[in-house]
Amino acid sequence: MENQRNISEFILLGLSYDPNLQLFCFALFLFCYVALLVGNLLIPVSIQCSSLFHQPMYYFLSHLSSMDICYTSSVTPELIGDLLVETKSISYGNCMLQVFTMHFFGSIKVFILTAMAFDRCAAICKPLHYLIFMNRTRCNLIVLAAWAGGAVHSFPRLSMTIRLPFCGANEIDHYFCDIFPLLKVACTDTYITGVLVVANSGMVALVTFVVLFVSYVIILFTLRNHSAEGRRKALSTCGSHITVVVLFFGPSVFAYLRTPTTFPEDKVFALFYTIIVPMFNPLIYTLRNTEMKNAMRKVWCQAYFQRGLT
């Protein structure tokens, strides 16, 4: 590896050169990151401490919140810290680690979102056999498969990135290390690598799209035979999931399912799927979910009163 590169670090150009704008972004993203951590920690803790933990939908939701924290934490702390310094540098090793962790946790999140669509399909189409079919063993296997899928997706990307030679240019026009900006500064023809990266993303997108599309087609077909109240309740639980899928997949598809090049808009879209969407996920899943709101109220009110008594 050493004879393929003669650089030890990369310089991240970040979001802006304006010091005032950087200070504003620092305060804004620090607030967003703290809100994201609090919101996504409240959900799994509330689920773990209530009876909702035994329901597959909330079991997957707790894992989704954990992945949101891991995914965002692979990028956001570096961004916040860099907004306070003039030279935004990252070592070669940390850059490669960031490429891996972001795609690893991001793809696990994608697969868990896909599993949640399958779970909703099973709950609506086979309500009497739902808890038997989606037992804890099967749920654990689905989560394990999501982790395995994340490894299968991210390790080839890491391998392709590590093999890239870097000979001098080390300025990355982004606020974190990602594979397309790295392809731009590599001192070799990266066409084949770019095609392989897009193909890797395309396979994940194809699998998840097929499962999501088939699941919701089956759900909509099944709901024709339900009462108006049954349809309203079913679509209410599905609505939160569809919202999260659209908000996360939309910018991600633009970022990775295209020709391997970079655009000025990439940073804006990246902010959306690395910080904004994970921050709003807890709100999306709790505002219209009575069970979740009741569980959070019960758990935290009980904890407050117990603390008051002691």
Side-chain angles (χ1 to χ4, degrees), residues 36-73 104-151 153 204 207-208 211-212 214-216 218-219 222 233-245 247-249 277-300 302-303:
L36 183 153
L37 291 177
V38 172
N40 281 292
L41 280 172
L42 280 175
I43 286 182
V45 171
S46 299
I47 292 173
Q48 288 274 353
C49 297
S50 70
S51 59
L52 295 181
F53 183 68
H54 302 289
Q55 298 185 36
M57 181 178 77
Y58 296 104
Y59 176 74
F60 290 130
L61 180 57
S62 65
H63 280 280
L64 180 68
S65 293
S66 301
M67 286 305 103
D68 271 333
I69 293 174
C70 295
Y71 176 65
T72 303
S73 296
F104 180 61
F105 292 121
S107 54
I108 293 173
K109 176 180 175 177
V110 167
F111 292 128
I112 289 177
L113 280 170
T114 308
M116 292 174 77
F118 176 75
D119 169 71
R120 290 298 81 208
C121 182
I124 292 169
C125 299
K126 299 289 183 181
L128 298 179
H129 303 92
Y130 169 60
L131 291 178
I132 298 174
F133 179 71
M134 294 295 292
N135 55 49
R136 184 46 53 90
T137 300
R138 185 167 278 116
C139 289
N140 288 335
L141 287 175
I142 290 173
V143 171
L144 182 62
W147 279 77
H153 170 70
V204 173
V207 171
T208 54
V211 175
L212 289 168
V214 171
S215 296
Y216 277 106
I218 294 173
I219 287 171
T222 304
K233 186 176 180 180
L235 291 175
S236 175
T237 59
C238 293
S240 300
H241 180 260
I242 293 172
T243 303
V244 172
V245 167
L247 289 176
F248 182 74
F249 274 70
V277 174
M279 181 182 69
F280 282 110
N281 279 354
L283 288 175
I284 294 170
Y285 273 108
T286 56
L287 282 179
R288 297 179 61 189
N289 190 319
T290 305
E291 286 184 323
M292 192 70 226
K293 285 190 288 188
N294 290 339
M296 293 178 73
R297 191 179 298 114
K298 182 179 179 181
V299 168
W300 296 104
Q302 188 177 29

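The figures that follow rest on heavy atoms only: side chains count, while hydrogens, waters and symmetry mates do not.
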- Does the side chain of H63 reach to within under 4.5 Å of the side chain of I108, using non-hydrogen atoms? no
- Query: P44 and S65: which non-hydrogen atoms are nearest, and at how many Å?
  - Reply: CD-CB, 3.8 Å
- Partner residues of T72 under the side chain to side chain donor-acceptor pair (under 3.5 Å) criterion, sequence neighbours left out: none
- Shortest non-hydrogen separation from H54 to R136 and the atoms involved: CA-NH2, 3.6 Å
- Message: With rounding to the nearest 0.5 angstrom, report the CG to OH distance, D119 to Y130.
- Response: 3.0 Å
- Item | Where S215 and C121 come nearest, the two heavy atoms and their spacing | O-SG, 3.9 Å
- Which distance, rounded to the nearest 0.5 Å, do you find between the OG of S62 and the CG of L52? 10.5 Å
- Answer whether the closest heavy-atom distance between the side chains of C125 and I218 falls below 4.5 Å. yes
- Note on the structure: Residues L113 and L212: closest non-hydrogen pair is O-CD2, 4.2 Å
- Message: Between N40 (side chain only) and P278 (backbone N and O only), is there a donor and an acceptor less than 3.5 Å apart?
- Response: yes
- Task: State the CG-CZ distance between L141 and R138, to the nearest 0.5 angstrom.
- Result: 8.0 Å
- Task: Would you please test Y285 and L61 for side-chain contact (heavy atoms from CB on, under 4.5 Å) and show each step?
- Result: CA-CA 9 Å; Y285 273 108; L61 180 57; 3.6 Å; yes
- Message: Before you tell me yes or no, could you show the steps for H241 and F60 under side-chain contact (heavy atoms from CB on, under 4.5 Å), namely the whole-Å CA-CA distance, both residues' side-chain angles and the distance that decides it to 0.1 Å?
- Response: CA-CA 11 Å; H241 180 260; F60 290 130; over 6 Å; no
- Any side-chain heavy-atom pair of L36 and P282 under 4.5 Å: no
- Item | Spacing of OG1 belonging to T243 relative to CD1 belonging to I284, to within rounding of 0.5 Å | 6.0 Å
- Does atom OH of Y216 have more than 12 heavy-atom neighbours from other groups under 6.0 Å away? yes
- Message: Once rounded to the nearest 0.5 Å, what's the spacing between atom CG of L247 and atom CD1 of I242?
- Response: 12.0 Å
- Note on the structure: Shortest non-hydrogen pair, I47 vs Y58, comes out as CD1-O, 3.3 Å
- Item | Test log, rule side-chain contact (heavy atoms from CB on, under 4.5 Å), inputs M67 and W147 | CA-CA 10 Å; M67 286 305 103; W147 279 77; 3.5 Å; yes
- Message: With rounding to the nearest 0.5 angstrom, report the CG to CD1 distance, L64 to I112.
- Response: 6.5 Å
- When you measure from the side chain of T286 to the backbone N and O of M292, does any donor-acceptor pair fall under 3.5 Å? no
- Cation-pi check, K109 to F248: give yes when NZ or CZ is under 6.0 Å from the six-membered ring centre and within 45° of the ring axis, no otherwise. yes
- Message: Assess the residue pair M134 and Y59 against the criterion (side-chain contact (heavy atoms from CB on, under 4.5 Å)); give the C-alpha distance rounded to whole Å, side-chain angles, the decisive distance to 0.1 Å, and a yes or no.
- Response: CA-CA 11 Å; M134 294 295 292; Y59 176 74; over 6 Å; no
- Task: Provide the closest heavy-atom pair for A115 versus I142 in the form atom of the first, atom of the second, distance.
- Result: CB-CG2, 3.4 Å
- Query: Taking only residues two or more places apart in sequence or in another chain, which ones pass side chain to side chain contact (heavy atoms under 4.5 Å, CB included) with V204?
  - Reply: V110, F111, H153, T208
